[in-house]
Every structure is written in structure tokens, then in C-alpha cells.
Amino acid sequence: MMLELPRRTERFGSVRINDLQRVLLLESAEDGNVAQTGVFNAPPSKIEEIMRKMAIVVPIKDEKLRVVEGVISAIPSECLVIIVSNSKREGIDRFKMEQDMVEQHQHYTNRDIWMIHQKDHGLGTALKQVGYEDLSDDQGRVRNGKGEGMILGMLMAKAAAKDYVGFVDSDNYVPGAVHEYVTAYAATFHLLRTPYAMVRISWASKPKIMEGSIYFSKWGRVSTATNKYLNKIISGFTGFETEVVRSGNSGDHAMTMKLAEILDYGSGFAIEPYEILNILEQFGGILEPKYTDPIEKGVEIFQVETRNPHFHEEKGEEHLNEMISNALSSIVSSPLCSEGIRKEIENEFPGGQPYAKENMRGLRGFGRVDTKAFLEYLLQNNALYTFSKRLQPT
Ligand code: GDD
């Protein structure tokens, strides 16, 4: 893959947030145009090397089976696939249907896939056994929420000794887009200068049917609001207006494990915007740092603008409101959010939106969890379904 190098970078303490980098070539040659300034070539062999060290987490909640199958088929076979499902089990058992589909896919492809159900009793018990109950309710079951599901995926990726963990939404209708996202993660990680990095996808377009013809829109309501307020927080500290953040809500993103294990997280749909906030909080030089190594080596956020259209399931008004509310709750609860920004949010979303500090459930990171023991307990409690020749990574 050939990518533009970042042209502009916003520096915030030890954090570097890079402006969008476009994908120039979906696939490039081993000795691609390396002499050209302003671009970088991630050759196929390097991409493969990184993919072997990467797990891709696929969160699922009641998505169409065919769509999920397309997503899984698009993840290169070098990657370990970790499916975290929160689909219905009562009545028609959707999780069972997903397992069946995955088993068939694995039978033909012979690749590594791990799968769990978020509400599995055995999973709740395994978390208790390793002393990480932040995700669980009073009954000891993991709570609903995309953020909760993603953290489970990260715990398993760490247990599998992966150096990188990425996420792809399971409601993406275009397998080619998913393939491009995962390739972009690996290509960007090839460029790293620090072990603490994140890459977030900003799709070039989201096609919609408008007045009988196809319209390639760029920004939705949720990302417009989230990006605006994240940028305002940054501008408030640097004194210079910026639009650098373009991927505040990007579910399609990846991190080095070294970064993933030192972050704290937000529940539900707050997870993506809060990742950016938590990076700024911890490493931006404003609050007291907990870790010194990332402060010295730096933390880098990349944003890649991909080529494929992002065509995903539309889930309606209520769902959009839930996402805006989760995202804004994470923003207003950050110590970086000034009184002025909080008031602006209140003015833009008067009354109706239930965003508030109290709605933001912070989730302690998983850095101290013994993930090997967690994996053992998952197996003992029959909570992990492996569709793999090898349970342990090679
Ligand atoms: N395991 C699990 N548990 N997965 C979930 C849950 C849950 O409780 N809730 C949702 N998901 C899965 C969905 O099945 C989908 O694959 C993905 O998470 C994203 O959820 P959607 O409900 O489809 O969200 P969206 O695509 O409209 O929202 C966009 O913005 C969000 C807010 O930042 C995406 O970019 C999301 O990834 C992002 O979180």
C-alpha cells in the first residue's frame, strides 16, 4: 500500500496528531516509489509481517449474518480474528447462527478465529477470577456496550501475545472496504517511530440515496459534533484553531498493544472519542502523567482516508441520538473540557440530549490483568470458542 506522509501535525505535549493521509495505492510493489518525497511505501512483505502480529476484533450485535460473513472474509488470513458477540440468545439464538457460519468459514479457510459471547456466565467468572470486574454488572455478567465488547477483544489479543490490535465494525456491507482498513492499519504501523501509536480510518465517503440518485456524503451528524468539540478542546490549549481531528467516532481503528494496555476507556459508544481524550489527558502534559516511557517516546495518532465507500447499516434516529449522547458525555466529563466548551455544547443541544458527566462510565484499562490466566479461565469455564488449528499463537 502506498500512503501520503502526514503533511501537518498538531503537537499537544507528547502527543502528535497527524492530519489525514490519503491512500495512494491500494497495493504497491515491493520496491514501490520510495524515492518520491511526501509518500511512503509499505511493501506487501512488511504488511504481511505486521499482520501476523495483529489481532482484528469484530464486535457484533444482531447484525445480518451475510454482512458479518463478508466482513470476516475480508480480514487477511495472517491476522487472528477475535469475534465478540453480544447478539440475542433468547428465542432464535443469533449467536448460535453466528457460530455456525464461523465454523463453516473456518472449515474452508483453516484460519485462526476466536469467539466469545459478551453475556456468557463463564466469561464473567473468568473476569472475576483475574480481578477485573470493571466491565461486569451486579450479577457478575459483562454489561451491554460496544466499548465493553472491544475491551474483551483487547484482553484476548494480549493473551494471544499480539503486538497490534485493530477493530472493524461488523455491519460493513463492503468487504473490500474492510480489507482496505486492515491493510491501512498494517501499512501505517510499518511507519512507526514510537511503540505508542494509533491509526484511525476516516472514510472518503458514505454513499446515500438522495432524490433518486447516489450521493457521496462525507460527514454525518455524530462525527460533525464529536470532531468539532474534540478540535475545540485542542484549540483551547494550543491557542490556534484546528480541524485536525477527523475521526473522533471511528470504530475502524487500531493500536499498538503498548498503547492499548495503558489507556483507560469509555463505555458503549463513548469508547472511540474517549480514546483520543484519554491520550490527551495522559500524555498531553496538562494532567499528571502515570507513565513516563510514552512521555519520552511520544504517542502518535494517524488518520488515514481510505478509497472504498463506507456503506454500513443505517440504524435510525434513536441510535444516532445514543451515539451523540455517549460521545458528548465523554467530552463534558473530561477534565480537559472547559466551562466555555461545556456551555457551547449545552447551547447546541438544548434540553433533549441526555449527555452528562454521570452518563459516562469510565472503564479502567486492562494493563494489570494477567491475560494468560484470563485465557486459561475462559477455557476452563467453556466461554471461549476457538476455530483454530492452534490455540496459542506461533
Ligand atoms: N460486542 C458488541 N457489544 N458489539 C456491539 C455492541 C455491543 O453491545 N453494540 C454495537 N456493537 C457492534 C455492532 O454490531 C457494529 O458492528 C459495531 O459495534 C458498531 O455499532 P453500530 O451500532 O453499527 O454503530 P454505528 O456504525 O452506527 O456507529 C459508528 O459510530 C460509533 C460511535 O463512535 C461506528 O463508527 C461505531 O464503531 C462507533 O462506535
Side-chain angles (χ1 to χ4, degrees), residues 56-72 74-75 81-89 94-95 98 114-120 123 135-137 141-156 166-175 177-178 181 200-203 206 208 219-227 229-230 245-254 265-277 303 306 310-331 355 360-361 363 383:
I56 297 293
V57 177
V58 185
I60 312 178
K61 189 167 185 200
D62 301 322
E63 303 295 352
K64 293 186 182 114
L65 221 49
R66 281 280 179 90
V67 179
V68 179
E69 190 178 0
V71 168
I72 292 168
I75 301 170
V81 175
I82 298 176
I83 298 173
V84 182
S85 174
N86 193 16
S87 298
K88 283 197 196 78
R89 304 225 57 182
R94 302 264 335 154
F95 181 59
E98 291 161 4
W114 293 4
M115 189 168 183
I116 53 169
H117 193 274
Q118 196 160 329
K119 309 302 275 189
D120 196 310
L123 165 64
L135 310 179
S136 309
D137 63 17
R141 284 207 186 190
V142 174
R143 292 193 176 89
N144 292 324
K146 187 188 178 218
E148 285 75 353
M150 284 170 54
I151 295 173
L152 293 171
M154 289 191 261
L155 277 169
M156 290 163 70
F167 307 91
V168 291
D169 285 349
S170 58
D171 61 342
N172 194 323
Y173 276 94
V174 186
V178 175
Y181 300 162
R200 302 171 76 96
I201 300 297
S202 170
W203 42 83
K206 240 182 183 177
K208 292 195 165 89
W219 303 112
R221 193 150 52 90
V222 184
S223 41
T224 303
T226 308
N227 291 341
Y229 289 110
L230 288 175
V245 176
R246 314 284 191 103
S247 57
N249 290 103
S250 182
D252 303 297
H253 66 288
Y265 294 94
S267 59
F269 292 116
I271 188 155
E272 285 93 2
Y274 188 64
E275 280 168 359
I276 296 187
L277 285 165
Q303 302 175 94
T306 43
H310 188 80
F311 190 50
H312 74 150
E313 192 69 32
E314 291 293 345
K315 292 177 180 146
E317 192 64 17
E318 201 180 311
H319 175 64
L320 291 181
N321 286 341
E322 184 191 354
M323 286 197 304
I324 293 195
S325 139
N326 278 205
L328 295 181
S329 298
S330 76
I331 292 172
Y355 58 86
M360 160 72 185
R361 195 154 20 84
L363 302 169

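Heavy-atom basis, side chains included; hydrogens, waters and symmetry copies ignored. One-based numbering, in listed order, for ligands and for the atoms of each.
Shortest contact from atom 38 (C) of ligand 1 to any protein heavy atom: Glu272 OE1, 3.4 Å. Atom 12 (C) of ligand 1 has as its closest protein heavy atom Pro59 O, 3.6 Å. For atom 37 (O) of ligand 1, the nearest protein heavy atom (residue, atom name, distance) is Lys146 NZ, 2.5 Å. In terms of protein heavy atoms, atom 15 (C) of ligand 1 is closest to Glu63 OE2, 3.5 Å. Looking at atom 3 (N) of ligand 1, its nearest protein heavy atom turns out to be Gln118 OE1, 2.9 Å. What sits closest to atom 25 (P) of ligand 1 on the protein, heavy atoms only, is His319 NE2, 3.6 Å. In terms of protein heavy-atom proximity, atom 5 (C) of ligand 1 is nearest to Lys61 CB, 3.7 Å. Nearest protein heavy-atom contact of atom 33 (O) of ligand 1 is Asn249 ND2, 3.0 Å.
Residue contacts with ligand 1: Pro273 is placed with no nitrogen or oxygen under 3.5 Å of a nitrogen or oxygen of the ligand (distance criterion only). Between Ser250 and ligand 1, a contact under 3.5 Å exists for no N or O pair. For the pair Ser170 and ligand 1, the shortest N or O to N or O distance falls below 3.5 Å.
For Asp171, heavy-atom contacts with ligand 1 shorter than 4.0 Å involve the backbone as well as the side chain. Contacts between Glu148 and ligand 1, counted as non-hydrogen atom pairs separated by less than 4.0 Å, are absent for every part of the residue.
Of the candidates Arg141, Arg361, Arg143, Glu148 forms a salt bridge (charged side-chain N to carboxylate O under 4.0 Å, His left out) with just one, namely Arg361.
The nearest non-hydrogen atom to atom 28 (O) of ligand 1, considering only His253, Lys315, Met323, comes from Met323. Counting only non-hydrogen atoms, the option in Ile83, Asp169, Val58 that gets closest to atom 19 (C) of ligand 1 is Asp169. Among Gly145, Gly153, Gly149, the residue whose heavy atom lies closest to atom 7 (C) of ligand 1 is Gly145.
Near Gly251, meaning under 4.0 Å from one of its heavy atoms, ligand 1 places the atoms 35 (O), 37 (O).
Relative orientation of the His312 and Trp203 rings is tilted, given thresholds of 30° and 60° on the angle between their planes.
Distance check: Lys146 NZ to Glu272 CD gives 3.5 Å after rounding to the nearest 0.5 Å. Here the CG atom belonging to Leu123 is positioned 8.5 Å from the CE atom belonging to Met156, to the nearest 0.5 angstrom. To the nearest 0.5 Å, the span separating NE2 on His117 from CD1 on Ile60 amounts to 9.5 Å. From Ser87, atom OG reaches atom NZ of Lys119 across 12.5 Å, with rounding to the nearest 0.5 Å.
With sequence neighbours left out, the side chain to side chain contact (heavy atoms under 4.5 Å, CB included) criterion links Val174 to Asn172, Ala177, Asn308, Phe311. Residues meeting the side-chain hydrogen bond (donor to acceptor under 3.5 Å, both in side chains) test with Asn249, sequence neighbours left out: Thr226.
Remark: side-chain polar atoms of Arg89 are not paired, donor with acceptor, to backbone N or O of Phe95 under 3.5 angstrom.
Counted within 6.0 Å of NZ on Lys315, heavy atoms from surrounding residues, nucleotides or ligands total more than 12; the atom is thus considered enclosed.
Side-chain contact check for Ser85 and Glu98: at least one donor-acceptor pair (N or O, by modelled atom type) lies under 3.5 Å.
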